[in-house]
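Heads up, the thing below is written out as structure tokens.
When a ligand or atom number is given, it counts from 1 through the structure's own listing order.
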Amino acid sequence: MSEVAPAKVHTRALPLKVEGVTLAFGGVKALADVSFTVEPGTVHAVIGPNGAGKSSTFNVISGLYRATSGTVRYGDHELTTMKPNAIARLGVGRTFQNIALTATDPVLENLMVARYRLTRTGYVAAALGLPAARREERRHRERVVEIARFIGIGGLLDRPAGTLSYGQRKKVELARALATEPDLLLLDEPAAGLPTHEKVEMAELVRAISAGLGASVLIVEHDMPLVMSVAQHISVLDFGRLIADGSPDEIQNDPAVIAAYLGTEA
Ligand SMILES: Nc1ncnc2c1ncn2[C@@H]1O[C@H](COP(=O)(O)OP(=O)(O)OP(=O)(O)O)[C@@H](O)[C@H]1O
């Protein structure tokens, strides 16, 4: 899987505290008074049946949706009033359920786009080809290549993204999120639609990101074996409410969770 491990080890992951978050769309409460904490350096999963509020949770944390009430704090930063770019600059990166790569651009360029928030010299210097900008560009490319190798897509960098298989694109999407150097990575269904052997590979990657980089990972995923094998902590949503929060063992044996998944009353 990994040809080269990234040199940088993250040490800056902060606790993420979701406190009393409610998100209403008209009369529909996508989230109702949801609270949980992602401890630094852990893999934390958010699970629940379809429509439970998992994507809404991610969208509130990453600033795409504004919570109707409640707070999301990353360390001392209050995220609920911040724009998505500002949240990304704090080191909170994410992938999306629907992969959105530029099909005609090579994988390398798709990954470089994610580096722009880290660029110091600015567009004018880059456009003029000034030496400092060229040096910086080279450094970014080297780091992007390193990340691509870590994810196992080092051999695909020159390929137009549109020519890749679905599983390869899922990996590029993951590498693109990592290229923003997140300390907290939000993964939205990274294994959805993958065959079993690629799901296993994805689980290994999630563990490697957590163990190798020290980043916190918050993962939404329907595949229970994957969730149980990678997560140290699981929060369970049902109809927008947090119905359980604990270790994989506690969650697997929780009557309310079993009932939610079987579609019966707890
Ligand atoms: N932009 C929106 N406008 C109106 N309702 C929305 C919007 N986004 C989500 N919802 C509603 O909020 C609820 C939670 O949806 P959400 O997508 O967060 O669930 P989910 O757990 O991610 O589901 P899935 O597993 O199917 O992806 C649903 O009832 C959904 O219809």
Centroid-centroid under 6.0 Å between Phe36 and His44 rings: yes
Polar side-chain atom of Thr80 near backbone of Ala67 as donor-acceptor pair, under 3.5 Å: no
Tyr65 to ligand 1, any heavy atom closer than 4.0 Å: yes
Atom indices of ligand 1, in the order listed, that fall short of 4.0 Å to a heavy atom of Ser56: 9 (C), 14 (C), 15 (O), 16 (P), 18 (O)
Residue selection (non-hydrogen contact nearest atom 12 (O) of ligand 1) among Ala192, Ala30, Gly26, Ala24: Ala30
Pair Asp245-Ser235, side-chain donor/acceptor within less than 3.5 Å: yes
N or O contact, Ala52 vs ligand 1, cut-off under 3.5 Å: yes
Glu173 with Arg176: basic N within carboxylate O range, under 4.0 Å: yes
Atoms in ligand 1 flagged as close to His222, the criterion being non-hydrogen separation under 4.0 Å: 25 (O)
Presence of salt bridge, Glu109 and Arg141, under 4.0 angstrom: yes
Path from Ile209 to Val145 over hydrophobic side-chain contacts below 4.5 Å: yes
Sub-3.5 Å N/O-N/O distance, Gly53 and ligand 1: yes
contact_flag Gly51 ligand 1 heavy-atom lt 4.0 Å: yes
